Amino acid sequence: MKIAVTFENGNVFQHFGHTEKFKIYDISNGKIINESIVDTKWKWSWCSWLDFLKENSVDTLICGGIGNGAKQALAEAGIKLYGGVVGNADSAVKWLVAR
């Protein structure tokens with residue numbers, strides 16, 4: 001499993017379409033085995049970020065707010081979405097992995 005979180009200052013960033021960073025987590029056997037922060041400032045839209053997620057084999061996205069067009073595109077790409085999440089990014093991922 002590979003999880004991406006819209007990221008700012010340790011927390012889930014609240015607007016998918018304006019995120020400047022993703023924190024990417026590699027999960028194996030229910031544990032985080034790797035994490036990295038990726039700068040997306042050079043990207044210009046959620047469409048570009050969707051391509052980035054697909055290219056990096058992300059299968060799950062955690063974010064704050066997200067529009068219907070992006071939701072639909074993620075669903076079509078087979079990326080599971082957990083939207084409306086607030087608070088610490090690491091805690092959100094640990095919660096999801098423990099489910």
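This is a predicted model, so every value here is computed, not measured.
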Worksheet item: So which heavy atom on F22 is nearest to which on F7, and how close?
Response: C-CB, 4.1 Å
Response to the item:
Rounding to 0.5 Å, atoms CE (M1) and CG (L96) come to a distance of 5.0 Å
Worksheet item: Do E35 and V93 have side chains that get closer than 4.5 Å, going by heavy atoms?
Response: no
Worksheet entry | Taking every non-hydrogen atom, the tightest pair across D90 and K23 | OD1-NZ, 2.9 Å
Worksheet item: So, for A92 and V85, which heavy atoms are closest and what is the spacing to 0.1 Å?
Response: CB-CG1, 3.9 Å
Item to complete: Please name the pair of heavy atoms, one in G64 and one in V12, separated by the smallest distance, quoted to 0.1 Å.
Response: N-CG1, 3.6 Å
Fill in: Any side-chain heavy-atom pair of E20 and F13 under 4.5 Å
no
Discussion item. For the CG atom of D39 and the OG1 atom of T19, what is their distance to the nearest 0.5 Å?
Written reply: 9.5 Å
Item to complete: Under the side chain to side chain donor-acceptor pair (under 3.5 Å) rule, collect the residues that match up with Q14, sequence neighbours excluded.
Response: none
Fill in: Heavy-atom check, side chain of I32 versus side chain of K94, under 4.5 Å
yes
Worksheet entry | Partner of L61 by side chain to side chain contact (heavy atoms under 4.5 Å, CB included), out of V5, I3, L50, I79 | I79
Worksheet entry | Joint cluster assignment, L81 & V97, ILVMFWY side-chain distance < 4.5 Å | no
Discussion item. Tell me whether I62 shares a hydrophobic cluster with V58, the cluster being built from Ile, Leu, Val, Met, Phe, Trp, Tyr side chains joined at under 4.5 Å.
Written reply: no
Worksheet item: Is the shortest side-chain N to carboxylate O distance from K2 to D26 below 4.0 Å?
Response: yes
Practice prompt. Of all the heavy-atom pairs spanning I33 and S28, show the shortest one and how long it is.
Written response: CD1-CB, 3.8 Å
Worksheet item: Are side-chain heavy atoms of L74 and K71 found at a separation under 4.5 Å?
Response: no
